[in-house]
Amino acid sequence: MPVKNILVVDDSPTERFFAVDLLTRAGYLVATAENGEEGIAKAKATKPDLILMDVVMPGLNGYQATRTLTRDEETKHIPVIVCTSKGQETDKIWGLRQGAVDYLVKPLNPEELLQRIAALP
């Protein structure tokens with residue numbers, strides 16, 4: 001199933017604007033959430049085709065939100081790509097262990113992000 005609707009979960013207004021601008025120009029419909037709790041609620045309500053998840057956020061962090069989403073029957077089919085400034089190999093391993101299908105380090109390369117989205121099954 002091709003990706004059409006993307007949920008961007010990030011507490012940074014700048015990062016949300018960048019992602020929304022890039023993805024809408026690429027033809028995707030984009031919704032946003034400012035933290036993990038809001039991201040989980042919106043994912044359950046709207047069932048996006050993909051979630052781009054930041055890690056460092058107040059309240060529920062991106063690892064916790066990813067784990068919650070990928071273990072919930074209602075949302076476990078939605079792929080999550082972690083997009084974060086945490087670039088250590090251990091951070092990437094931990095993100096993938098939480099159920100993420102991919103892990104990108106900020107600042108995001110626009111072409112790489114679009115290629116990773118296009119490559120999803």
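- Closest heavy-atom contact between V55 and K86: CG1-CD, 3.6 Å.
- Interatomic distance, CZ of F18 versus NZ of K106, reported as 10.0 Å (0.5 Å rounding).
- Scanning all heavy atoms of the two residues, the minimum distance from I51 to A43 falls at CD1-CB, 3.8 Å.
- Using a 4.5 Å heavy-atom cutoff, the side chains of I6 and P48 are not in contact.
- Interatomic distance, R25 CZ to L114 CG, rounded to the nearest 0.5 Å: 9.0 Å.
- Residues T66 and V82 have side chains in contact (heavy-atom distance under 4.5 Å, counting atoms from C-beta outward).
- In this structure, the separation between OG1 on T46 and CG on N5 is 7.5 Å, given to the nearest 0.5 Å.
- With contacts defined as side-chain heavy-atom distances shorter than 4.5 Å, the pair Y28/I117 qualifies.
- A pairwise comparison of heavy atoms in S85 and V105 identifies O-CG1, 4.2 Å as the closest pair.
- Between V20 and T24, the closest heavy-atom pair is O-OG1, 2.7 Å.
- T75 has its side chain within reach of D72: a pair of non-hydrogen atoms, C-beta onward, lies under 4.5 Å apart.
- Crowding of K47 atom NZ: a count of heavy atoms from other residues, nucleotides or ligands under 6.0 Å exceeding 12.
- The shortest distance between side-chain heavy atoms of V9 and D54 does not fall below 4.5 Å.
- Checked against salt bridge (Lys or Arg N to Asp or Glu O under 4.0 Å), E111 has no partners two or more places apart in sequence or in another chain.
- Between V30 and V8, some side-chain heavy-atom pair lies under the 4.5 Å cut-off.
- We find the NZ-CD distance between K42 and E37 to be 13.5 Å, quoted to the nearest 0.5 Å.
- By the rule that hydrophobic residues join a cluster once side-chain heavy atoms approach within less than 4.5 Å of another member, Y63 and V56 end up as members of one cluster.
- Between D10 and R16 there is no salt bridge, since none of the side-chain N atoms of the basic residue sits less than 4.0 Å from a carboxylate O of the acidic one.
- For the atom pair CG of L113 and CG of L108, the computed distance is 5.5 Å after rounding to the nearest 0.5 Å.
- For the pair L23 and L52, the minimum side-chain heavy-atom distance is below 4.5 Å.
- Rounding to the nearest 0.5 Å gives a distance of 7.5 Å between CG of D102 and CG of L120.
- Closest heavy-atom contact between L7 and A33: CD1-N, 4.2 Å.
- Inter-residue side-chain proximity for Y103 and M53 is flagged as unmet; no heavy-atom pair is nearer than 4.5 Å.
- For K76, the side-chain hydrogen bond (donor to acceptor under 3.5 Å, both in side chains) criterion is met by E73, not counting sequence neighbours.
- Not a single donor-acceptor pair under 3.5 Å links the side chain of Q64 to the backbone N or O of L60.
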In a table with atom names and distances, give each donor-acceptor pair under 3.5 Å that connects a side chain of residues 88-101 to protein atoms at least two apart or in another chain.
residue : atom : partner : partner atom : Å
D91     : OD2  : Q88     : N            : 3.2
Q98     : OE1  : R67     : NH1          : 2.5
Q98     : NE2  : W94     : O            : 3.1

